[in-house]
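What follows is a single structure, written as structure tokens, with notes after it.
These values consider heavy atoms only, across backbone and side chains, with no hydrogens, waters or symmetry-generated copies.
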Amino acid sequence: MIRDYKSLKAEYEDLHIQNVSADTSGMPKGGGNGRMVENLALRQLPADDQKVYDAVNRAVEITQLLPDGDLKIALIRFVYWGQGHRRVEDAPLVLPISRRTAIRWHGDFVRLVGKCYGFEVGTYEPKICDTMVK
């Protein structure tokens with residue numbers, strides 16, 4: 001799910017881009033054309049993809065609110081959304097964190113995504129997420 005987020009986010013954003021160019025075709029547009037903002041807001045990914053996107057997006061939002069949140073997201077970007085396959089153990093080569101911290105933060109994020117998706121996650125510890133994930 002986390003690895004797919006980057007492409008799902010791009011697809012989601014494409015669905016929500018409003019066309020601001022003038023229509024010069026002169027062809028009539030069917031009903032609902034006057035409700036551009038409402039139609040734009042209702043566009044979603046297919047149900048399964050939308051659920052994955054929402055879970056990872058929510059986990060990113062929550063993680064950014066935690067202490068060192070920006071650094072934690074940098075770790076996730078490095079591992080999942082960078083170019084090529086990267087290992088968590090390689091993160092200390094480019095981020096100012098230890099190997100042990102990288103592994104712990106990575107595990108916390110993976111469990112948080114699972115919790116946001118709706119899985120029962122037994123070993124998840126941070127209390128802030130329990131109040132924010134409903």
In short, salt bridge (charged side-chain N to carboxylate O under 4.0 Å, His left out) pairs touching residues 70-87 with sequence neighbours left out are R87-D90
Minimum-distance pair of heavy atoms, taken over all atoms of A59 and C116
N-SG, 3.9 Å
Any side-chain heavy atom of L75 within less than 4.5 Å of one from L71?
no
Got V60 and F109 here, is their nearest side-chain heavy-atom distance under 4.5 Å?
yes
Under 3.5 Å, side-chain donor or acceptor atoms of residues 91-103 against the rest of the protein: list the pairs with distances, not counting sequence neighbours.
| from | atom 1 | to | atom 2 | distance (Å) |
| --- | --- | --- | --- | --- |
| S98 | OG | T101 | N | 3.1 |
| S98 | OG | T101 | OG1 | 2.9 |

I76 side, atom CD1; D108 side, atom CG - distance, nearest 0.5 Å:
9.5 Å
Distance-only criterion, 3.5 Å: show the donor-acceptor pairs between side-chain atoms of residues 2-10 and protein atoms not counting sequence neighbours.
| from | atom 1 | to | atom 2 | distance (Å) |
| --- | --- | --- | --- | --- |
| Y5 | OH | N57 | OD1 | 2.7 |
| K6 | NZ | W81 | O | 3.1 |
| S7 | OG | D4 | O | 3.0 |

Residue pairs, two or more places apart or on separate chains, that pass side-chain hydrogen bond (donor to acceptor under 3.5 Å, both in side chains) and touch residues 46-56:
Q50-D54
Residue pairs, two or more places apart or on separate chains, that pass ring pair (Phe, Tyr, Trp, His ring centres under 6.0 Å) and touch residues 85-106
Y80-H106
